[in-house]
Colleague: 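For reference, the structure I am asking about is given below.
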Amino acid sequence: MNKYAKSLLTLLIASGGAGIAFLSGCQEVEQPAVPIAPILKDTAFPSVDDVVPGGTATISGLGFSDEDIVYLKDASGKTIQVEVVGVTDYDITIAIPEDAGGEYTVIIERAGLQTTLEGTLSVPLMVVLEDVQMPADPVSGGSTATILGSGFEAGDKLEISGSQYPTGKTFSVDLSIVEGGVEFTVPAELYGVSTVIITRGERRTNLGTISTTVNVGDAVGGGIVYYVTDGGIHGYIVNMSNIGSATEKFGPEVTEADAAGTSTEMGTGKTNTESIINKFNALQSANNWPEWVGVTIAAQWCADHTVADGEYVYDDWYLPSQAELSEVFKVKNMLAEKGVSIPANNYWTSSEAPSPDPGWAAYYVNFYEAENLVTAICSKAGWTIGVLPIRSF
Amino acid sequence: MKKYILTLFALIFAFSAANAQEFTISGTVTDTEDEPLAGVAVIIQETKEGTMTDGKGRYTIEAEEGQTLEFSFIGMVTQNVTIGKRSVIDIQMTESAIFLDEAVAIGYGVAKKSDLTGAVASVKAEDLQTAKIGTVTSALQGLATGVHVTTGSVKPGGDASVIIRGNSTFKSDSTPLYIVDGMPVQGGLQDLSSSDIQSIEILKDASSAAIYGSRGANGVVLITTKKGTADKMRISLNASYGTQRMLNKQDLMNAQQYYDLVSYAQPDDYTWTSEELRLLSRGESTDWQDAITQNGSYQNYNFSISGGSEKIQHYFGLDYYDQIGIIKNSSFNKLTARYNMDAKMNDWFRYGVRFNVIESTLKNINEESDPLYGTMFSAISAQPTAPIFTKDGEYFDGFLNTKANPVAIVDLLDRTTLKSRVVGSFYLEIEPIKNLRIRSDNGGELVFYRVNEYEDERMGQHYTEGGHAKVTANKKRYWQTENTVTYDMNIEDTHKLTVMAGFSASRTEFEQTIADSKKLSAILKYYNLGGAEEHGPNESNAVTSSLVSFYGRATYNYKDRYLATVTMRGDGSSRFAPGHRWGFFPSAALAWRISEESFVKDNVKWISNLKLRASAGMLGNQEIGDFQYAALIDLGDPTANYVFGNNLASGAQQINISNPELTWEKSNQYDIAIDFGFLDNRIAGTIEGYYKRTSDLLWEVPLPLESGFNTSLTNIGKVDNRGIEFSISTVNISTRDFSWTTALNFSVNQNEIMELYNGKTDVNKDLFVGKPISDWYLLKNLGIWQVNEAAEAAKYGAQPGDRKVWDKNGDYVINGDDRDFCGQSTPKWYGSFNTAFNFKGFDLSAFFTFAGGHYINNDLRRFLDSYNVWGNMSENYYKYYWREDRPNNRYPAPRVGSAYANGDGTDANLEKGDYLRLRNLELGYTFSKKMLKIMNMRVYVAVQNVFTATEFTGYDVESSSNSNPYPNARSFIGGISINF
């Protein structure tokens, strides 16, 4: 090959190559991806009831990633990073620190960019304890009781309360930390089943209940215990005397259809009382019977009754059912010894007569009798007899 | 100073005096392919003395400096060289723009090009070489007037569509008849190796195609493969390799733009997935077009050996073609072997064989089909916010409109087409008396075709749970016998008459089985259908058809001036009802070679060739399918099942009404043309006009429903095609070292429906009398309603930002009555331009194709240029959609439910289809035998689809599908060709 041809061939190959490079050179230059703050859709926080400090909380929504870093920011602006426990296409689960509590703004960070979720995560203020075991057996007032578990701190206190105590009345109890738990002295006034809450500053955690037994004849709860169940954990308390006059009416005589619908059994007096009052008020409102204007019926007497206990008031009295009042009759002599005044009289129960008579008649218990329990039905309006309230726990 | 000048003059004079001496000049004459030319006349113009080149193209002559040597050879441009001081003068000769003595195939015979009376376009083998990637069919593009080749599909193994002189059928196939070495080929030329082809002739008019009668109405493409040459052994090795880059990638929105637009248009209605939101937050975007495409590659290796003696000549060719597509998982490879033999046992007996074996494997994805679920459409419409894989490594499957994950498709869809084809023929020819030849040509074809498909369930919601496999296997057997008698009579070179008569018969047998199974092993796929949980529907069918024909042709030549051809063919086809099976197709043609008249020959020297020719004839089209005339009973269709004795029994039902009158579509064709050649045929060409009326077109004519059938296949109506074809080739410069040639062809076709049926002026507002078959009849888009037009828009239930549609009849209701004609979908004109330069060993060529006058419905714009709730949109839409603060008339506002927003039913998505494409640019260098002793070698680089100038915005202006296309590519090819 001569030089001329060689140089031309070189030119050919070079021009071909250059042409190819030119024509194929219009490749797109790939732009590097520039991350933006995480885009999250349809986010929703769990209810406060589903969040426990030291536990996990699942925030639902779309767009969470395994790479996400999650921060909780409290009202003061303090921000803490929390652990991400798991991520799915529909939610992210985070660990709530044990010391967390209150309202938090949630911030999701990815690739150094942050998105603040709409709304706040509510974490309850709780004392976090582990392996808590409440006393299994009933405790006695004044005795020392132990609550097993870990996580107690000096300064922790118990707040003991219960529906059997007057509204607002609680017992504040100091704790002593012992090996495996804490000890405390059971307040002498406790009876029945009491709720125990541990407090640490603002934090509160319900630990469960303790039971305290009482005996028939004990003076607790604004009266005298006259009947117990469950070994003294539950029972009935009778007022220290009858109330109203000795001649109160049960209520108007009505048709069977307008009866309140009551029971004679133990444990039904409270609901019987409420039914009778509601029914009477409804009938009176509808009929406006002049003879019943301003009249306080036996059930209402009980419901309105209060007994003071220091700064608190027992106000949950009711008209006993036939069975409940019968049990009072059975121990009336013992009650008399304890100072309960039940003058000889017939006393209303909150139990209406059985069908077909519940509209016009109700049961009474005869307290004239010395020994024999006499209980029968009588006219609700025609009879005017005594009223003796009770309460139960 | 004077001294020096005098000395210089003395020296020049001395040299001149010395050179006036006679000395020996020698050299070699070759063609542009470096092949030596034997028999070239080398004449000293001044003395008229001369010599001839020998078999190796060499010559030796005594001449004087200053004299002129003239080199002339038939079919080549004459060259004159002034003798200088060199004693060696090598010459490279350029072919004339036309070679009139060239023999061309005309069907059951050959004729000299100068003797042709019909419209026969010849394509030379070397012209096919410009199209390296793709099939022989697609290589025909731009090579002949009146032949409209549309690339159609550029997928590996995809073929082009060819329509010759306009579409003249509503329902039948408009593909021309392909004949390779006398054997018809169905469905294009994709099995052929272009290296095996000697020449292609395209018979366009009635006169030339009538010899193929009932199959010739769409034109005939005759392919002649290479033969060995006596006493000349030739070994050729060709290798080429190329890489392909996708063209016209669509500019779509990225993830951030998509998010922005969707958040604006559907703030509450779009359901984002976490995967999308994460991708958005990373600032990433999925480019689905990139994800499923790659740089394609192509390689082609070809080896051939040919040669022989006077008694027997052989040609053996082996070709391997392999293409990896630009869409992943698409490929095509093909191995072909060909053996051609021609033998002359003695003066009266000749015989020969043609034998071709092809084995091909095509892996294609679901491009072009499945417009709303296919791979490319899925990629275009997949939201850019979707990741390819989920964080767990699974294919993301949350696409809108339940589309599949495009990457899953290209990774998992297995659709492999295996084809094995054996085709062969042998001929015996005897010449019992001089000029009487009796020839029997018999051949057969056996094709095994198998499509194995497996759709993996991981491809997404759209695909069958548990996987779906389907195997389609068919076998085609074809045989034919063609027997001709030809007699040549030549009376003192004044009257030349050739008469040919023949008989042929052919039979096609086809059988097919389709097995379909679901829920099966993803490993064994279609190799263990028995292991599937669900089977069916399974199908099998078989059909046979046959054709018997008689034909004859007479050609008469008076003093090479007046030429006449009469042809008649009678075809009997089993595809028509008894009594209507025979059709007769006559034609006649006349030609006048004006240039042979003495008043031209003697007086107008610059006219080398001038011929006026005219023809008329009738052709038929039998491509209607089998048994279409009969009332067909369908057995086993589940809709015909019935309960018999508490069991489900398979029923039978008549599915169509018979039409015993059904007959051929017929074309009456008229053709008039002038062939010309000027200045020693350095300028040559043809101007041709034609008129073709096709009648008895097949159409499903609606029937009254009480007949029990919806339609009946009936012969109705008439369609006209008229056109002008112009071609010109020129040899602009032809010197010893440099040549420049150009060729241009240009075709115009006008298509018009002349008649429908029952006096109807239109059918379903789809076909209209007086309009082209492919006319668009649509509502007219007027842009976008603007704010100041709100009151007027409200009358149409529209609001500013919605698309404004022309209320043609002014009734304030937009409906079908407001449609109008919007142009046609097929090009009115098309053609090509080719130019080539040769300088010493270098060659440079550029091949352009063009077409225009038509509109393309770019239905991709339905999805990209309006608010699309099912997927991605164009970046332009994002940037320019209508908003009050940036009003425009192009892109409707992103309002869900906005009428005509996507342009459906309107001309909004029609785009001008005009284009000019530089299809091939090639630069090569040939190392001559002088350099390399025993061989010549050409090396070349080529770029295909260098550029396309068009207003069309889709993937490819020639694509058959715009919504799920196979994108076209720019190819960079390098190759080497060695000839021993």
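Numbered from 1 within each chain, the chains take letters A, B, ... in sequence-line order.
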Colleague: Show your reasoning for whether side chain to side chain contact (heavy atoms under 4.5 Å, CB included) applies to Phe64(A) and Leu277(B).
Modeller: CA-CA 8 Å; Phe64(A) 294 108; Leu277(B) 297 175; over 6 Å; no
Colleague: Return yes when atom CZ of Phe738(B) has more than 12 non-hydrogen atoms of other residues, nucleotides or ligands closer than 6.0 Å, and no otherwise.
Modeller: yes
Colleague: To the nearest 0.5 Å, what is the distance between NZ (Lys41(A)) and CG (Leu280(B))?
Modeller: 9.0 Å
Colleague: Does a side-chain N-to-carboxylate-O contact under 4.0 Å join Asp89(A) and Arg278(B)?
Modeller: yes
Colleague: Of all heavy-atom pairs between Gly61(A) and Ser274(B), which one has the smallest distance, and what is that distance?
Modeller: O-OG, 4.4 Å
Colleague: Is the CD atom of Glu103(A) crowded by more than 12 outside heavy atoms at less than 6.0 Å?
Modeller: yes
Colleague: Quick check on the interface: out of Gly841(B), Ser285(B), Ser281(B), who has the most heavy-atom pairs with chain A under 4.5 Å?
Modeller: Ser281(B)
Colleague: For chain A, which candidate among Gln256(B), Glu276(B), Lys391(B), Glu275(B) shows the most heavy-atom pairs at distances under 4.5 Å?
Modeller: Lys391(B)
Colleague: In terms of heavy-atom proximity below 4.5 Å to chain B, should Asp68(A) be classed as side chain, backbone, both, or neither?
Modeller: neither
Colleague: Could you check which of Leu40(A), Asp42(A), Leu62(A) has the highest count of heavy-atom pairs closer than 4.5 Å to chain B?
Modeller: Leu62(A)
Colleague: Is it the case that over 12 heavy atoms from other parts of the model lie below 6.0 angstrom from the CD atom of Glu118(A)?
Modeller: no
Colleague: Can you name the closest pair of heavy atoms from Gly283(B) and Ala33(A) and give their distance?
Modeller: O-CB, 3.5 Å
Colleague: Side chain, backbone, both or neither: which part of Ala37(A) has a heavy atom under 4.5 Å from chain B?
Modeller: backbone
Colleague: Looking at CD1 of Ile39(A) and OH of Tyr259(B), how far apart are the two atoms once the value is rounded to the nearest 0.5 Å?
Modeller: 4.0 Å
